[in-house]
Amino acid sequence: TLESQTPAGDSTGIPTIVTKRRLPPSPAWGRFQPSVRACSDNHSDRNRNLIDCRTYAKQPDARKPSLLLPTVYLLNPTSIAKEHALEQLKLDVANCCADVVILCETWLKPKHDSNLFEISNYTLYRHDRNGRKGGGLCIYVSNQYKSSLCACNANYVLFVELMWLKVTISERLDMVVGACYHPPKPRYQEFDLSRLIVAGIEELEQQNPNSVIIFAGDLNQLDCNFLETQRGLVQVNHDATHGCNVLDKFFTNRPDLFIS
């Protein structure tokens, strides 16, 4: 079993939950298809951006791992605390056989008990926004993989909604997962966020050499060219996710493992 990364009551802690249900294995094919769906069939909730990203099987290649990476599922639910949002999320996760679920704008606060947002057989990592309404990040990771919060300074910067996890795929392969929510009106300069993301990637590459790195989130109008020019990450999705704009983005250092 996995344990909480920080003691109870730690104001900087990101609580975790371990539960029991096991999902079916991911199929040996892949897709990366942005789409927009209603949050509930019976309520006029705001639409959400959903991105389902899976690895796929190719001919054997010495650079590629011999097993499939986890399915990664990214969305902005604009609050998982609202009515029926969690039920819809559970359905989406089950339908996509998602192993790693990245949520931007959870709207969770310390008053929200993590046990109320449990998804069976997943560990929950939270990064709640401090001081202002809305915002917040969380990542669910299937318990069929060992996961942990990365020992990275970027995980504890005030006002910045950024978190990094390590997901162990096998004894020889790890996946580093970064999630970020960059709001339309941030309380920081965009340059500072870019510098913090680059520093986090550099630090985690040194700690986890040869890992598959994923960085994803609702980045709004953030200029993300620095991810490619400074760290060699490639954006996998290019279709609009909100109106005519690509706000929800998925980057990786191994684009050969993902299909658009």
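What you see is a predicted model, and the numbers here were worked out from it, not measured in a lab.
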Check: Of the options L89, L137, D218, L124, which is the one that meets L103 in a side chain to side chain contact (heavy atoms under 4.5 Å, CB included)?
Finding: L89

Notebook entry, point to check: Is there a side-chain contact between L247 and Q221 (heavy atoms, below 4.5 Å)?
Noted result: yes

Next item on the list: Would you please classify the geometry between the F251 ring and the F215 ring as parallel, tilted or perpendicular, with 30° and 60° separating the classes?
Entry: tilted

Item checked: Inter-residue atom distance E118.CD - N115.CG, 0.5 Å rounding -> 6.5 Å

Check: Which one of F159, Y181, W107 satisfies the side chain to side chain contact (heavy atoms under 4.5 Å, CB included) criterion with R129?
Finding: Y181

Next item on the list: Determine whether P184 and N220 make a side-chain contact, defined as any pair of heavy atoms from C-beta on separated by less than 4.5 Å.
Entry: yes

Notebook entry, point to check: From F250 CZ over to L74 CG, what is the distance, rounded to the nearest 0.5 angstrom?
Noted result: 8.5 Å

Note to self: Taking atom CZ as the centre, does R132 end up with more than 12 heavy-atom neighbours from other residues, nucleotides or ligands that are less than 6.0 angstrom away?
What the structure shows: yes

Notebook entry, point to check: Under the 3.5 angstrom rule, does the side chain of D99 hit a backbone N or O of T71 as a donor-acceptor pair?
Noted result: yes

Checklist line | Spacing of CG belonging to N210 relative to CZ belonging to R254, to within rounding of 0.5 Å | finding: 9.5 Å

Notebook entry, point to check: Nearest heavy-atom pair of I213 and E205: which atoms, and what distance?
Noted result: CD1-CG, 3.3 Å

Item checked: Closest contact, heavy atoms only, K82 versus P77 -> NZ-O, 3.1 Å

Checklist line | Audit row: R126, T106, side chain to side chain donor-acceptor pair (under 3.5 Å) steps and yes/no | finding: CA-CA 9 Å; R126 283 172 54 176; T106 62; over 6 Å; no

Margin query: Does any part of the side chain of D92, heavy atoms only, come nearer than 4.5 Å to the side chain of L75, both counted from C-beta?
Written below: no

Notebook entry, point to check: Can you name the one residue among L222, V198, L233 that meets side chain to side chain contact (heavy atoms under 4.5 Å, CB included) with L227?
Noted result: L233

Margin query: Using side-chain heavy atoms (C-beta onward) and a distance below 4.5 Å, is T252 in contact with L257?
Written below: no

Item checked: Euclidean distance, L219 CG relative to C224 SG, rounded to 0.5 Å -> 4.5 Å

Next item on the list: Could you give me the CA-CA distance, side-chain angles and deciding distance for Y125 and S147, then say whether side chain to side chain contact (heavy atoms under 4.5 Å, CB included) is met?
Entry: CA-CA 10 Å; Y125 299 86; S147 62; 2.8 Å; yes

Check: With sequence neighbours left out, what residues match E203 under salt bridge (Lys or Arg N to Asp or Glu O under 4.0 Å)?
Finding: none

Notebook entry, point to check: Is there a path from V246 to V72 through hydrophobic residues (I, L, V, M, F, W, Y) whose side chains come within less than 4.5 Å of each other?
Noted result: no

Margin query: How close do C104 and C180 get, counting heavy atoms only, and between which atoms?
Written below: SG-O, 3.6 Å

Margin query: Could you go through F226 and I197, starting from their C-alpha distance and side-chain angles, then the distance that decides it, and tell me whether this counts as side chain to side chain contact (heavy atoms under 4.5 Å, CB included)?
Written below: CA-CA 9 Å; F226 68 92; I197 293 170; 4.0 Å; yes

Check: How far apart are the closest heavy atoms of K90 and I119, and which atoms are they?
Finding: CG-CG1, 4.1 Å

Notebook entry, point to check: In terms of hydrophobic clusters joined by side-chain contacts under 4.5 Å, are L116 and V93 together?
Noted result: yes

Notebook entry, point to check: Hey, what do you get for OH (Y145) to OG1 (T123), rounding to the nearest 0.5 Å?
Noted result: 13.5 Å

Notebook entry, point to check: How long is the span from the CD atom in E161 to the NE2 atom in H127, to the nearest 0.5 Å?
Noted result: 7.0 Å

Margin query: List the residues meeting side chain to side chain contact (heavy atoms under 4.5 Å, CB included) with N208, not counting sequence neighbours, and say none if there are none.
Written below: K166, D174, V176, L204, S211

Next item on the list: Answer yes or no: is there a side-chain heavy-atom contact under 4.5 Å between E228 and Q235?
Entry: no

Checklist line | Which atom of Y73 lies closest to which atom of C96, heavy atoms considered | finding: CE1-SG, 4.0 Å

Note to self: Testing the basics here: between V167 and P70, what is the closest heavy-atom pair and its distance to 0.1 Å?
What the structure shows: CG1-CG, 4.5 Å

Check: Which residues satisfy the ring pair (Phe, Tyr, Trp, His ring centres under 6.0 Å) test with Y188, sequence neighbours excluded?
Finding: H182

